[in-house]
Every structure is written in structure tokens, then in C-alpha cells.
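Here the structure is laid out as C-alpha cells; the discussion comes afterwards.
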Amino acid sequence: MTDSLFAPLTLRDTEFRNRVMLSPMCQYSADDGLANDWHRVHLGSRAVGGAGVVMTEATGVEARGRITPGCLGIWSDEHAEAIEPIVDFVRSQGATPGIQLAHAGRKASHRPPAEGGAPIPTDDPEGWETISATDTPYPDGDRAESGEPATTRQMDGDDIDQLIESFADAAARSLDVGFEVAEVHAAHGYLLHQFCSPVTNDRDDEYGGSFENRTRLLREVVAAVRDVWPDDKPVFVRISATDWLSDRDSWDVDDSVRLAPLLAEAGVDLIDVSGGGIHPDQQLPGTGPGYQVPYAEAIREGTDVPVAAVGGITDPTHADALVRNGRADLVAMGRELLRRPYWPLEAAHELGADVEWPVQYRRGQFD
Ligand SMILES: Cc1cc2nc3c(=O)[nH]c(=O)nc-3n(C[C@H](O)[C@H](O)[C@H](O)COP(=O)(O)O)c2cc1C
């Protein structure tokens, strides 16, 4: 079958019904990391709406790895049990449930955007000390005026061992409750990106300095997740292909093309290609339709590793062309799927693709 947006994709032995992925999106609505009715509706309705892969928001592998106190977590069995019925429902609708395993590092301990997004200082009852590749806190710019940043501690060897174990334990719990894709979050200036980028990594041990050293923690985390994730199920990694900081020593697309085959060797099946987030000075080249697609394309062309493209993709014909023209294997969509949870059903109609509607909604199916 010709690859197209509504052709299935098989990675390992896991088949996605189509190439549309709900992009991970923080909801800032969890109770001490526990999923609730909001997550049930958010994730469940995108599964009803026809997405192929339904990815959770960044889900903390440790409590201190959450961006905000309202972020989802999977650091205990109680967290896994809370999300299990949601995972079951997503699967019952024919979508493949994925979990984005995350640690925010020095970008943790923040207020949610709806409350201004300022950092929460460590001595605030709601804040905590963050950990990172560095002991320099994240420079929040204007937002810092409304709150001191939390203190940041440079991780030592024990912290690193514990972190790798936290990712592996979180993956094992995710598997137990039925997730079929594990995505390691190494983008947007969060902890694993903080290690990879020379902007934030000022270490002089085997985790700092050279490209090989800076990417070591990510490769170790991926290997630990792959170790517990079964052979028939895919592992994704989301990266920021570039720091968008060409005025200084920073991570760029060439680094990403170099990293991709190393991740594939470590057992990664798809790279979800995003950008930025490491420093507020970043200069985005624009945010028009498909603004990050060239990075996904560069990685796919340079390495043959399957990729997801994300960023400003809203139009069915555009999304379909990305797959047909071999620019991406999956199309991740964020804000458009917030606006239109049933976008895949509408897009399939527009593209003349034959997709199955939920039986309850068939009376609403386009003629
Ligand atoms: C409300 C919101 C929350 C987000 N949270 C996450 C997240 O948890 N993890 C992540 O990797 N990206 C996150 N993102 C980025 C999106 O996944 C996506 O990459 C970005 O919005 C660009 O895609 P779009 O133009 O289709 O929205 C978030 C974006 C939004 C709008």
C-alpha cells in the first residue's frame, strides 16, 4: 500500500491504524501526579476522534521531575493504577496508547501557564529543589520577576544512577498498565536535553564536554527503557533538533543527525522531532505550517531512522503529503487537536480515506 496519512504504520510488531499522533501536551490538571477525569476525556476523546497514536503529556518519572505541581506522574504504582482505565479506553477505540516519560530537570518547580508560569522557589511550600547537568537555574527572564527560581543542584553519580532507574521503573509500570509506546522526552530544554546541549552542560566528568559524553545519559536512559520494553513494542525519543541559538556553542541539526543512528542502535524505533526550549534567547525562524518539518526530513534522509514531524500542521492535504513524499512517518499534532479532537475523522473524509467511525457516532458520519 502507498504510504499515506491513513495507511497503517507498523513499528516492531505494533501497528498504528494511521499516521496521526496526538502530540504530548501538558494539561496541568493532575492531583499529585495522578490522572483523573480530565485526562480520561482529553486522551479518550482523541482516541474516539480517530488518532492513530494517543500520547500522554510529559509524565514525571520522579515527583521532582514535574514541570508544575499539576503535571502527570508515573513514579508509583498508585499513579499507574490511576491511568490504567484511561489506557484501556484508548485501546478499546483502536488507538495506540503512548506515554511520554519525562523529567524536567532545572525547568521543574514552575507554576502552570494559567497561573503565570513563574518559577516556584525551593523554600515555597509548593516548590522543590531541581536537578540538572549544571547548578545554574533556568533563566526565566521576565517570569523570574514574579518569583525567584528554585535552586538547581548539579547531579552526581548517585543521582544519575537513580535517574536511570526511575526511567526504567516508570517504563515497567507503563507497560504493566497497557501502554504500547514509550516515548523518552529529551526535548524542549528538559533534563535529558540539558545534558545534551553545551548551553546547559558545564560538567567535566564523563557526562560533559564531548558530544559522546553529553549524549551519554540520554543513551543510557534509552537503553534502560529498551531493556524493560518488549521487543514487539516501539520506543520513541522526542528531541529538540536545534537549540535555535546560532550565536553560541549550542545543539544543532547536525548534532541531531549524528545522534539519530546512535539512538537507533540503542533500540529507538522513531525520533519525534521538535525544537528549542533550552534557553529563552532562542531565535525561532518562524512558526508557519510545518515549521519543524525540515529537521525531521534531515534526520530521516541522513539516517533512515523513522521520524515524526510536528509543529503547525493543521491541513489534511499538507499532513498527507508529508507522509506520501517521505518527509515523515508520523505526523504529530498538538494545538489543532485541542481545537478539533475529531480532526482525523474529518481529515479522512476530506482525503477520501476509508476509516472506521465509533459505532455510537455512525449517524454523524459524512455521506
Ligand atoms: C498546551 C501544550 C502543552 C504541551 N506540552 C508538551 C509536553 O508535555 N511534551 C512535549 O513534548 N511537548 C509539549 N508541547 C508541544 C506540543 O507537543 C507540540 O510539539 C507543539 O505544540 C507544536 O505542535 P502544534 O503546532 O501542532 O501545536 C505542548 C504544547 C502545548 C500547546
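All residue numbers in this chain count up from 1 along the given sequence. Every number for a ligand or one of its atoms is a count from 1 in the order of the listing.
Between Asp32 and Arg66 the shortest side-chain heavy-atom distance falls below 4.5 Å.
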Ligand 1 polar-atom proximity to protein (N/O, under 3.5 Å):
from	atom 1	to	atom 2	distance (Å)
ligand 1	5 (N)	Cys26	N	2.9
ligand 1	8 (O)	Cys26	N	3.3
ligand 1	8 (O)	Ala58	N	3.0
ligand 1	9 (N)	Gln100	OE1	2.8
ligand 1	11 (O)	Gln100	NE2	3.0
ligand 1	11 (O)	His185	NE2	3.3
ligand 1	11 (O)	Arg238	NH1	3.0
ligand 1	12 (N)	Pro24	O	3.3
ligand 1	12 (N)	Arg238	NH1	3.2
ligand 1	14 (N)	Pro24	O	3.4
ligand 1	17 (O)	Ser23	OG	2.8
ligand 1	17 (O)	Pro24	O	2.7
ligand 1	17 (O)	Arg238	NH1	3.1
ligand 1	19 (O)	Arg238	NH1	3.1
ligand 1	25 (O)	Gly312	N	2.7
ligand 1	25 (O)	Arg335	NE	3.4
ligand 1	25 (O)	Arg335	NH2	2.5
ligand 1	26 (O)	Gly334	N	2.8
ligand 1	27 (O)	Arg335	N	2.8
ligand 1	27 (O)	Arg335	NE	2.8

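Side chains of Thr152 and Ser132: a donor-acceptor N/O pair is absent below 3.5 angstrom, by distance only. Under the 3.5 Å distance criterion, with hydrogens and angles disregarded, a donor-acceptor pair is assigned to the side chains of Ser166 and Glu62.
Judged by distance alone, the side chain of Ser210 and the main-chain N or O of Asn213 form a donor-acceptor pair under 3.5 Å.
For Tyr28 and Trp38, the ring centers sit 6.0 Å or farther from each other.
The salt bridge (charged side-chain N to carboxylate O under 4.0 Å, His left out) analysis of residues 188-213, with sequence neighbours excluded, yields the pairs Arg203-Asp205.
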